[in-house]
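Working notes, beginning with the structure itself.
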Amino acid sequence: MAQKPSIPKGTRDFNAEQVAKRSYIMDTIKRQFQLYGFQPIETPSFENSETLMGKYGEEGDRLIFKILNSGEYLNKVSDNDYNSKSEVQITPKISEKALRYDLTVPFARYVVQHQNDIVFPFKRYQIQAVWRADRPQKGRFREFYQCDADVVGSKSLLQEVEFVQLYDAVFTTLKLNGTTIKINNRKILSGIAEVIGAQDKLIDFTVALDKLDKIGEEKVKAEMLNKGIPDDGITKLQPLFSLKGDFGDQVDGLKSILNTSEIGLKGIEELEFIDTAISNLGLKSAKLQLDVTLARGLNYYTGAIFEVSAPEGVKMGSIGGGGRYDDLTSIFGKPDTSGVGISFGLDRIYLVLEELKLFPNTIADATKVLFINFGEKEAMVCLNAVTKLRAEGIKAELYPDTVKMKKQMTYANRRQIPYVVLVGEQELESKTFTLKQMETGEQKLLTLQDLVSELY
RNA sequence: GUGGUUGUAGCUCAGUUGGUUAGAGCGCUGGUUUGUGGUACCAGAUGUCGUGGGUUCGAGUCCCAUCUUCCACCCCA
């Protein structure tokens, strides 16, 4: 194994079993998307750089995979730029395309580009790979799949309500019980920032607040202070840190903080609407939880923010996220088109299902019957039977070589093929087939007709 | 992008202060059983010790670089 080949960091190969498990998740999500009225689209793996750059903040730009131009790309770089060694200067000159970083921004581009052909409100789903030049960790890859569903062209909060139901429906179908759908609202965060006099530091404020769970109250306050949020403002936040209880209690607490903020109160109103609707409709296995510290995600969200966490005890980042963005298409020249959407993290859901052993064991859709190869003559008879079985939709195969039976049986075992058929001299003479069930060892002598109906 | 961690047979790992031919379990191949597998018993093969340099009489073991893995930041699915 001198020069063992390898694949780039953060990428993976998938074997047959893994592919089957991934399709199981994808098919489940797809079925629910369709039940909720979403239509599939696909977009290219790579986009023009200007479509993607600047949409995810400075941090995001750094994580976008850029594609080197073809040909004599260095000719376009002036000596001045070349000598500057500044990537900000040079990158746009040598790279005009980039791999997509998520599915939402390409979707926004799609909506604007095809706006005259689209019927609004437009409900689309999209299941494709995205790429990030991130440093890999568990559940964190450089190539991974997102499963997105979005609606554009409707401001109705009923969409948010339906997305909560959709999350619940998918995770319930996957038998992943105990997920928590956390919800927050950007307007509330804006309201709080307004009240404490930090409107211009909304991002810093939310990033710090988001860490409350992780690093605790004191460190969050320290970070806010560090970022230039006024001391007396942080004092006003005190009730926020002690928010407890159910949805209603937390909302009451928020109201006391936000009573002077119009936008904040609007956010609360939206949250209450969603909560009330969901309470009436009921959820099957997930629970909806207000989490005012929830602030992660792209900063293009303007209303509801969602994040789904795995059941307690599973160490995994969020397995889904989403929210409302009122202005995403305006960056591509189409204002006043409100959108809201959610995303499922396929690869993380996979890891969670694996850890909790929730994949059905019938998932490996393997061959049902293997014909043992005794020789040329026998093989021809077998091939005839195999053809007939396949015509009936039964997965059948003939072992290609006339080798020791032990080897052929072992092959059936390793491939987890439940039945084998033996056709030797005796069967050849009597025009019959010996069907053996591998698990029980039980054998039956059958005609071709009976063999087909037995395996059907 | 910052700091740390990991890499030995197909897999999981052991390998003593640097010292001769690098080990175990599982798996694999063959046999006991040339028309019956999963159990048992017997026999066998595995490797440029992640890669490239360096120190040394001598390196799996020490040093440097690089790639990979995982972790904490950052950010996020």
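In the text below, chain A, chain B and the rest are named by the order of the sequence lines, each starting its count at 1.
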Determine the Euclidean distance between corresponding [atom1] atoms of [M] and [N]; express it in Å to zero decimal places.
N	M	atom1	value
C49(B)	C13(B)	C1'	13 Å
U20(B)	A59(B)	P	12 Å
A9(B)	G44(B)	C1'	14 Å
G18(B)	G38(B)	P	47 Å
G19(B)	G60(B)	C1'	13 Å
U46(B)	A40(B)	C1'	24 Å
G15(B)	C67(B)	P	28 Å
U61(B)	U16(B)	C1'	11 Å

Mind calculating the distance between [atom1] ([X]) and [atom2] ([N]) to the nearest angstrom?
X	N	atom1	atom2	result
Trp131(A)	A77(B)	CH2	P	17 Å
Tyr411(A)	G27(B)	OH	C1'	19 Å
Phe65(A)	C75(B)	CZ	P	19 Å
Arg62(A)	U2(B)	CZ	P	9 Å
Ile349(A)	A77(B)	CD1	C1'	9 Å

* Verdict with supporting geometry, Glu427(A) and Thr434(A), side-chain hydrogen bond (donor to acceptor under 3.5 Å, both in side chains) -> CA-CA 7 Å; Glu427(A) 287 87 352; Thr434(A) 298; 2.5 Å; yes

Would you call the rings of [X] and [Y] parallel, tilted or perpendicular, where under 30° means parallel and over 60° means perpendicular?
X	Y	answer
Tyr167(A)	Phe171(A)	parallel
Phe33(A)	Tyr125(A)	tilted
Tyr101(A)	Tyr56(A)	tilted

* Residue whose nearest RNA chain B nucleotide is more 5′ - Gly345(A) or Glu59(A) -> Glu59(A)

* Shortest non-hydrogen contact from Leu294(A) toward Ile305(A) -> CD2-O, 3.8 Å

* Identify the two heavy atoms, one from Ala98(A) and one from Leu52(A), that lie closest to each other, and give their separation to 0.1 Å. => O-CD1, 3.7 Å

* **For Lys175(A), all residues meeting salt bridge (Lys or Arg N to Asp or Glu O under 4.0 Å), sequence neighbours excluded** => none

For a quick check under 3.5 Å, do [X] and [Y] share a side-chain donor-acceptor pair by atom type?
X	Y	answer
Glu397(A)	Thr367(A)	yes
Thr51(A)	Asn48(A)	no
Thr11(A)	Glu143(A)	no
Asp150(A)	Tyr325(A)	yes

* For Ser343(A), which contact category applies under a 4.0 Å heavy-atom criterion: base, sugar-phosphate, or nothing? -> nothing

* Which letter, B, S or -, goes with each nucleotide of nucleotides 33-41 of chain B from 5' to 3', with contact meaning a protein heavy atom under 4.0 Å? -> --BBBB---

* **Under 4.0 Å protein heavy-atom contacts per nucleotide of nucleotides 64-73 of chain B, with B for base, S for backbone only and - for none** => ----SSSBBS

* Reported OH-to-CD distance for the pair Tyr419(A) and Glu442(A), which is rounded to 0.5 angstrom -> 8.5 Å

* Return the residues of residues 445-456 of chain A meeting this criterion: a heavy atom under 4.0 Å from some atom of RNA chain B. Order them by number, or give none. => none

* **Test: Asp450(A) and Lys444(A) ion pair at under 4.0 Å** => no

* salt bridge (charged side-chain N to carboxylate O under 4.0 Å, His left out) pairs, two or more places apart, involving residues 159-168 of chain A -> Glu160(A)-Arg324(A)

* To do: Starting at the 5' end of RNA chain B, write a dot or bracket for each base, bracketing those in Watson-Crick or G-U wobble pairs whose two distances are under 3.5 Å and using | for partners on another strand.
  => ((((..(..((((.....[...)))).(((((.......))))).....(((((..]....))))))..))))....

* Asked: Is Gln39(A) atom CD crowded by more than 12 heavy atoms from other residues, nucleotides or ligands, each under 6.0 Å away?
  -> no

